[in-house]
Amino acid sequence: MDVAEAVALYAAGWFPMDDPHARELPWYAAEQRAVFPLDARFRGGLRRRLGRDVRACEALELVLDGDYARVLDLCAAPPEDTEGVWITPRLKRLYRALHAAGVAHSFELRTPEGELAAGILGIVLGRAALLESMRKVRPRAGNALLVATLDHLATQDFTLCDIQLPTPHTLRLGAELVPRGEYERRLAAGLGRAR
């Protein structure tokens, strides 16, 4: 799959989730999409709920694309408490190509010495951020990175922060489930297209 085809699928509201048994990379469009609001009220409430994590990481700095390859490798490694991995070698190749094309990015929390504490892998199209995966290296850094990333997106006038499918953790943090039609409308607005 080439970059142009992948970007077109993302822009139409689809996302990849690999199946090692499939000949081609499968893409999906969920009937309900999970998103994080970017308004100041939501972000302020999230910052208060995660205050302990944010305070524990206040010396860390948000860096964009500091070491995209490292974040990709980190997100592709299977967690210790689960089996399997969802970022397969062909999906890694696609993400590398999307990064080279300026579409895929990493949001990173780093120590003053430059060490990676947590990273998010995402696709950026217009004012829409489609967050694919997050992994932490240090305790509490994952939640602190989420707060910092949402703040960054809001200050850069992003209108959509998509996380694809919900988890119990993201729902506890306030992720909203948006029906497919409404999601596509918000995505089109983020891309600057009337719908």
Side-chain angles (χ1 to χ4, degrees), residues 1-18 24-47 61-69 71-72 75 86-87 91-109 118-134 145-167 170-171 173-195:
M1 168 172 289
D2 65 20
V3 167
E5 185 180 2
V7 169
L9 285 166
Y10 274 115
W14 295 75
F15 61 91
M17 190 174 293
D18 208 353
E24 295 187 4
L25 179 66
W27 289 72
Y28 301 89
E31 288 307 310
Q32 287 193 311
R33 201 71 170 246
V35 303
F36 276 120
L38 292 172
D39 60 277
R41 181 177 179 182
F42 174 80
R43 290 183 292 108
L46 182 64
R47 180 176 290 278
E61 179 185 6
L62 180 67
V63 175
L64 305 182
D65 294 327
D67 189 346
Y68 178 85
V71 174
L72 177 57
C75 288
W86 79 271
I87 299 184
L91 200 45
K92 280 183 77 173
R93 287 192 297 273
L94 176 62
Y95 287 141
R96 284 191 198 104
L98 289 169
H99 178 65
V103 176
H105 300 277
S106 59
F107 301 85
E108 309 165 16
L109 267 192
I120 292 176
L121 198 66
I123 305 298
V124 173
L125 300 175
R127 294 186 299 150
L130 317 174
L131 305 185
E132 296 278 6
S133 181
M134 178 173 71
L145 174 57
L146 176 62
V147 170
T149 299
L150 296 183
D151 284 347
H152 171 77
L153 295 175
T155 61
Q156 298 300 309
D157 295 324
F158 276 70
T159 60
L160 177 66
C161 179
D162 164 46
I163 57 169
Q164 301 172 354
L165 300 174
T167 66
T170 57
L171 289 174
L173 293 181
E176 297 178 349
L177 293 179
V178 178
R180 183 171 174 176
E182 171 64 12
Y183 172 79
E184 290 176 353
R185 186 193 67 74
R186 292 187 190 186
L187 177 60
L191 297 174
R193 300 189 308 223
R195 192 174 173 87

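FYI, side chains are in, hydrogens and waters are out, and symmetry mates aren't considered; it's all heavy atoms of this structure. Every value quoted in this text rests on a predicted model; they were computed, and no experiment measured them.
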With a cut-off of under 6.0 Å to the ring centre and 45° to the axis, is R180 in cation-pi contact with W14?
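Because its charged atom sits under 6.0 Å from the ring centre and within 45° of the axis, R180 does stack over W14.
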
Kindly compute the distance separating [atom1] ([X]) from [atom2] ([Y]), expressed to the nearest 0.5 Å.
X    : Y    : atom1 : atom2 : result
I120 : T149 : CD1   : OG1   : 3.5 Å
E132 : D162 : CD    : CG    : 8.0 Å
L171 : I163 : CG    : CD1   : 7.5 Å
R43  : T155 : CZ    : OG1   : 7.5 Å
L62  : L109 : CG    : CG    : 6.0 Å
E176 : C161 : CD    : SG    : 11.0 Å

Run the numbers on V7 and I123 for side chain to side chain contact (heavy atoms under 4.5 Å, CB included), then give the verdict.
CA-CA 9 Å; V7 169; I123 305 298; over 6 Å; no

So which heavy atom on [X] is nearest to which on [Y], and how close?
X    : Y    : value
L150 : P37  : CD1-O, 4.4 Å
A11  : L187 : O-CD2, 3.4 Å
Y95  : A104 : O-CB, 3.9 Å
L131 : F107 : CD2-CE1, 4.1 Å
L98  : A6   : CD2-CB, 4.3 Å

Judged by atom type as modelled, is there a donor-acceptor pair below 3.5 Å linking the side chain of [X] to the main-chain atoms of [Y]?
X    : Y    : answer
T170 : P166 : no
E184 : G13  : no
R47  : D151 : no
D65  : S106 : yes
H105 : G122 : no

Step-by-step salt bridge (charged side-chain N to carboxylate O under 4.0 Å, His left out) determination, D157 to R127:
CA-CA 7 Å; D157 295 324; R127 294 186 299 150; 6.0 Å; no

Y10: what forms a ring pair (Phe, Tyr, Trp, His ring centres under 6.0 Å) with it, not counting sequence neighbours?
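Ring pair (Phe, Tyr, Trp, His ring centres under 6.0 Å) check on Y10 returns W27.
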
Please examine the side chains of [Y] and [X], heavy atoms only from C-beta on, and report whether any two atoms are closer than 4.5 Å.
X    : Y    : result
R186 : T159 : no
L130 : F15  : no
L160 : L191 : no
L125 : V103 : yes

Decide side chain to side chain contact (heavy atoms under 4.5 Å, CB included) for H99 and L72; before the verdict, give the C-alpha distance in whole Å, the side-chain angles of both, and the deciding distance to 0.1 Å.
CA-CA 10 Å; H99 178 65; L72 177 57; over 6 Å; no

When you look at F36 and L146, which way does the side chain to side chain contact (heavy atoms under 4.5 Å, CB included) test go after all the steps?
CA-CA 10 Å; F36 276 120; L146 176 62; 3.8 Å; yes

Derivation of the side chain to side chain contact (heavy atoms under 4.5 Å, CB included) call for I87 and D18:
CA-CA 7 Å; I87 299 184; D18 208 353; over 6 Å; no

